[in-house]
Amino acid sequence: MQLIPRRHVDLALDPAAVPRDWCASDPYVTTYNAALSLLFPEGEQFFVQSVKQLAAAADSPALQQQIAGFIGQEAMHGKEHRAFNDLLVAHGYPEAPRIEARLRRFLRGVRRALPARSQLAVTCALEHFTAMLAELLLGNRQVQEEFDPSVRALWLWHAYEESEHKAVAFDLYRAAGGGYVRRCGMMLVTTFVFVAVHAIVHARLMATRGILWRPWTWLRGIGRMWIYPGYFVRQVPAYLAYFRPSFHPDDRDTRPLLAAWHAQLFADDGLLAGRVRA
C-alpha cells in the first residue's frame, strides 16, 4: 500500500482573476463543473464520516495510515472547494450556499436511513466516479487545457489526490465485511441519485445564466461530452468494471500517471509552487 500524504493547500483564488466562463470559455461546460464543485464539500464530508464510522475495522497498520491520509486529503478538498464555491457567488450565483445547505440536509437523511456499511458502499461508488473523472482529467491534455489557468491547479490537484487515494474506502469496505451484492446495489442507487442531483443543480445554475431554455447554447457541450470526442462515453467500460465480483480500484494502474504529474504539481516550479506544505 502506498503512502497517502495530507498536503496543506491554500490556493487563495481571486474572483477578479478568474473569468466567469472558466472552463472551455463556455457557460454550459462551466456551469456543469461548477455544479460538481457545489456537491464536493458536503459529499466529501459524507465520505469522511462513512470511513470514520468503520475505521476500527481496518485490518492492518498500513490501511489505518491510509485512512488517516484519506481523511486529511478529503478535508482539504472540502476546504478549497468551499472557497471556490464562494467564488461562484462572486460570479453571480447567489443560490450556491442554498444548494450546499440543501445537500447537507439530504445527506443527513441518508446517514439516518442507511446502515454504516451501506454508507461506506455509497462512498466506494462515488470514489469510483471521482477516480474515473480524475483519470480523464490527468490523462487528457485537451481536457486539462479547457480549464482556465487561474483554476487549473485546483482541479488537477484534486484529481491527483482522488487517484492517489481511490482504493482506501474500498479496502476498508472489504475489511469491514462489506459484500458484493451491497456494493453493486448501492452503486446502482448512487448512480441514479448522483446523476439526478447533479442535473438539478446544473439546471439551477444554467437558469441563473439564462441559458436553460436556450438549448442551442449547450448542445455543443453535450455533444463534446457524449458524442465527439465523447469523453464520458469512453468512461463506460471503467464504470461497468465496478460490477465485476473481482473488481478492485487498483485494477486500473494509475501509478505512472501519478508519477508523471507529481513534479508538475509539487516541484519547486510546479503548478502548486508556494501553495502547499506537507
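Note that the structure is a prediction, hence the values are computed from the model and not measured.
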Novice: Would you find a donor on one side and an acceptor on the other, under 3.5 Å apart, between the side chain of D251 and the backbone of H248?
Specialist: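 At least one qualifying donor-acceptor pair exists.
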Novice: Would you say the side-chain atoms of W218 pair up with the backbone N or O of I211, donor to acceptor, closer than 3.5 Å?
Specialist: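 Here the side-chain-to-backbone pair exists.
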Novice: Assess the residue pair F40 and F84 against the criterion (ring-ring contact (aromatic ring centres under 6.0 Å, His included)); give the C-alpha distance rounded to whole Å, side-chain angles, the decisive distance to 0.1 Å, and a yes or no.
Specialist: CA-CA 11 Å; F40 283 150; F84 187 79; 9.6 Å; no
Novice: Which heavy atom of S37 sits nearest a heavy atom of N85, and at what distance?
Specialist: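 Closest approach of S37 to N85: OG-OD1, 2.7 Å.
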Novice: Please report whether the ring centroid of F247 lies less than 6.0 Å from that of F170.
Specialist: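 Yes, ring centres under 6.0 Å apart.
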Novice: Could you tell me if the side chain of V18 sits less than 4.5 Å from the side chain of H91, heavy atoms only?
Specialist: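 With C-beta onward as the side chain, the pair touches.
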Novice: Could you tell me whether the side chain of I222 reaches within less than 4.5 Å of the side chain of I227, counting heavy atoms only?
Specialist: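 Not in contact.
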Novice: Are N33 and W22 side-chain neighbours, meaning at least one heavy-atom pair lies under 4.5 Å?
Specialist: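 Yes, their side chains come closer than 4.5 Å.
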Novice: Just wondering, do Q45 and E74 contact through their side chains at under 4.5 Å, heavy atoms?
Specialist: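 Not in contact.
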Novice: So does L114 get a backbone contact from the side chain of Q119, meaning a donor-acceptor N/O pair under 3.5 Å?
Specialist: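 Yes, Q119 side chain to L114 backbone: donor-acceptor pair under 3.5 Å.
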Novice: Backbone N or O of M76 within a donor-acceptor pair of the R7 side chain at under 3.5 Å?
Specialist: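 Not confirmed, R7 side chain does not pair with M76 backbone.
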Novice: Same cluster or not: are L13 and V89 linked, directly or through other Ile, Leu, Val, Met, Phe, Trp or Tyr residues, by side-chain heavy atoms under 4.5 angstrom apart?
Specialist: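 Per the 4.5 Å side-chain linkage, L13 and V89 are not co-clustered.
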Novice: Take atom CZ in R255; do more than 12 heavy atoms of anything else shown fall under 6.0 Å from it?
Specialist: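 No, the 6.0 Å shell around CZ holds no more than 12 heavy atoms from other groups.
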Novice: With respect to F232, which candidate in F129, W226, Y239 satisfies the ring-ring contact (aromatic ring centres under 6.0 Å, His included) definition?
Specialist: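 In the set F129, W226, Y239, the residue that makes a ring-ring contact (aromatic ring centres under 6.0 Å, His included) with F232 is W226.
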Novice: A159 and L137: which non-hydrogen atoms are nearest, and at how many Å?
Specialist: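 Looking at all heavy atoms of both residues, the shortest contact is CB-CD2, 3.9 Å.
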Novice: Could you report the tightest heavy-atom contact between R252 and K166, atom names first, then the distance?
Specialist: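 Heavy-atom minimum between the residues: O-NZ, 2.6 Å.
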Novice: Should we say atom CG of D268 is surrounded by more than 12 heavy atoms from elsewhere, each under 6.0 Å from it?
Specialist: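 Result for CG/D268: open.
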Novice: Give a yes or no on whether the ring-centroid distance for W261 and Y160 is below 6.0 angstrom.
Specialist: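 Not under 6.0 Å, so no.
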Novice: Apply side chain to side chain contact (heavy atoms under 4.5 Å, CB included) to E162 and H77, showing your working.
Specialist: CA-CA 10 Å; E162 288 297 334; H77 298 168; 3.3 Å; yes
Novice: With a 3.5 Å distance limit and no angle check, can you tell me whether H202 reaches the backbone of Y32 through a side-chain donor-acceptor pair?
Specialist: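 At least one qualifying donor-acceptor pair exists.
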Novice: Got V168 and V51 here, is their nearest side-chain heavy-atom distance under 4.5 Å?
Specialist: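 Heavy-atom side-chain distance check fails, nothing below 4.5 Å.
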Novice: For residues F70 and I4, report the shortest heavy-atom separation together with the two atoms involved.
Specialist: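 Looking at all heavy atoms of both residues, the shortest contact is N-CG2, 3.8 Å.
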Novice: When you measure from the centre of the six-membered ring of Y173, is the NZ or CZ of R183 under 6.0 Å away and within 45° of the axis?
Specialist: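 So R183 doesn't make the cation-pi contact.
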Novice: Within the 4.5 Å heavy-atom criterion, are S25 and P19 side-chain neighbours or not?
Specialist: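 With C-beta onward as the side chain, the pair stays apart.
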Novice: Could you go through the side chain to side chain contact (heavy atoms under 4.5 Å, CB included) check for L154 and E80 one step at a time?
Specialist: CA-CA 8 Å; L154 168 67; E80 288 303 311; 4.0 Å; yes
Novice: Would the distance check show the side chain of Y242 and the main-chain N or O of P249 forming a donor-acceptor pair, the cut-off being under 3.5 Å?
Specialist: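 No.
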Novice: Considering non-hydrogen atoms only, spot the tightest contact between P5 and E164 and give its length.
Specialist: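 Smallest heavy-atom distance, with atoms named: CD-OE2, 3.7 Å.
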Novice: What is the minimum heavy-atom distance between D26 and Y28, and which atoms define it?
Specialist: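 Looking at all heavy atoms of both residues, the closest pair is OD1-N, 2.8 Å.
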Novice: For the pair T254 (side chain) and L257 (backbone), establish whether a donor and an acceptor sit closer than 3.5 Å, ignoring hydrogens and angles.
Specialist: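 Judged by distance alone, no pair lies under 3.5 Å.
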Novice: Above 12 or not: heavy atoms from other molecules or residues under 6.0 Å from CZ of R244?
Specialist: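 Yes.
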Novice: Is there side-chain contact between I71 and K52, with at least one heavy-atom pair below 4.5 Å?
Specialist: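 Yes; the side chains approach each other to less than 4.5 Å.
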Novice: Do F192 and V110 share a hydrophobic cluster, counting only Ile, Leu, Val, Met, Phe, Trp and Tyr and linking them when any side-chain heavy atoms are less than 4.5 Å apart?
Specialist: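 Yes, because F192 and V110 connect within a single hydrophobic cluster, where side-chain heavy atoms sit under 4.5 Å apart.
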Novice: Within 45° of the six-membered ring axis of Y93 and under 6.0 Å from that ring's centre, is NZ or CZ of R209 located there?
Specialist: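 No; the conditions do not both hold, so R209 does not lie above the ring face of Y93.
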Novice: So, does H128 use its side chain to make a donor-acceptor pair with the main chain of A238 at under 3.5 Å?
Specialist: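 Pair found, side chain donor or acceptor close to backbone of A238.
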Novice: Does the K79 side chain pair with the main chain of V9, one donor and one acceptor, at a distance under 3.5 Å?
Specialist: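 It does hold such a pair.
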Novice: Any luck finding a side-chain donor-acceptor pair between H158 and E161 under 3.5 Å?
Specialist: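 Short answer, no.
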Novice: Just how far is it from atom CG of L36 to atom CH2 of W155, taken to the nearest 0.5 Å?
Specialist: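 Nearest 0.5 Å value for the CG-CH2 distance: 5.5 Å.
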Novice: Set out, in order, the CA-CA distance, both residues' side-chain angles and the distance that settles side chain to side chain contact (heavy atoms under 4.5 Å, CB included) for L38 and R204, then state yes or no.
Specialist: CA-CA 12 Å; L38 286 170; R204 184 69 188 88; over 6 Å; no
Novice: Same cluster or not: are I200 and V29 linked, directly or through other Ile, Leu, Val, Met, Phe, Trp or Tyr residues, by side-chain heavy atoms under 4.5 angstrom apart?
Specialist: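 No; tracing contacts between hydrophobic side chains, which count when under 4.5 Å, never links both residues.
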Novice: Before you tell me yes or no, could you show the steps for T123 and V48 under side chain to side chain contact (heavy atoms under 4.5 Å, CB included), namely the whole-Å CA-CA distance, both residues' side-chain angles and the distance that decides it to 0.1 Å?
Specialist: CA-CA 9 Å; T123 293; V48 167; over 6 Å; no
Novice: Are V276 and W157 packed together at the side-chain level, in the sense that at least one heavy-atom pair is separated by less than 4.5 angstrom?
Specialist: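 In short, these two side chains do not touch, never coming nearer than 4.5 Å.
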Novice: Going by salt bridge (charged side-chain N to carboxylate O under 4.0 Å, His left out), E42 matches just one of R108, R82, R111. Which one?
Specialist: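 By the salt bridge (charged side-chain N to carboxylate O under 4.0 Å, His left out) criterion, E42 pairs with just one of R108, R82, R111: R82.
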Novice: Hey, is the main chain of A167 close enough, under 3.5 Å, to the side chain of E127 for a donor-acceptor pair?
Specialist: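 Not confirmed, E127 side chain does not pair with A167 backbone.
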Novice: Assess the residue pair R224 and E146 against the criterion (salt bridge (Lys or Arg N to Asp or Glu O under 4.0 Å)); give the C-alpha distance rounded to whole Å, side-chain angles, the decisive distance to 0.1 Å, and a yes or no.
Specialist: CA-CA 12 Å; R224 190 161 65 244; E146 288 188 349; 3.2 Å; yes
Novice: Which distance, rounded to the nearest 0.5 Å, do you find between the CG of L258 and the CG of L138?
Specialist: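 The distance works out to 7.0 Å.
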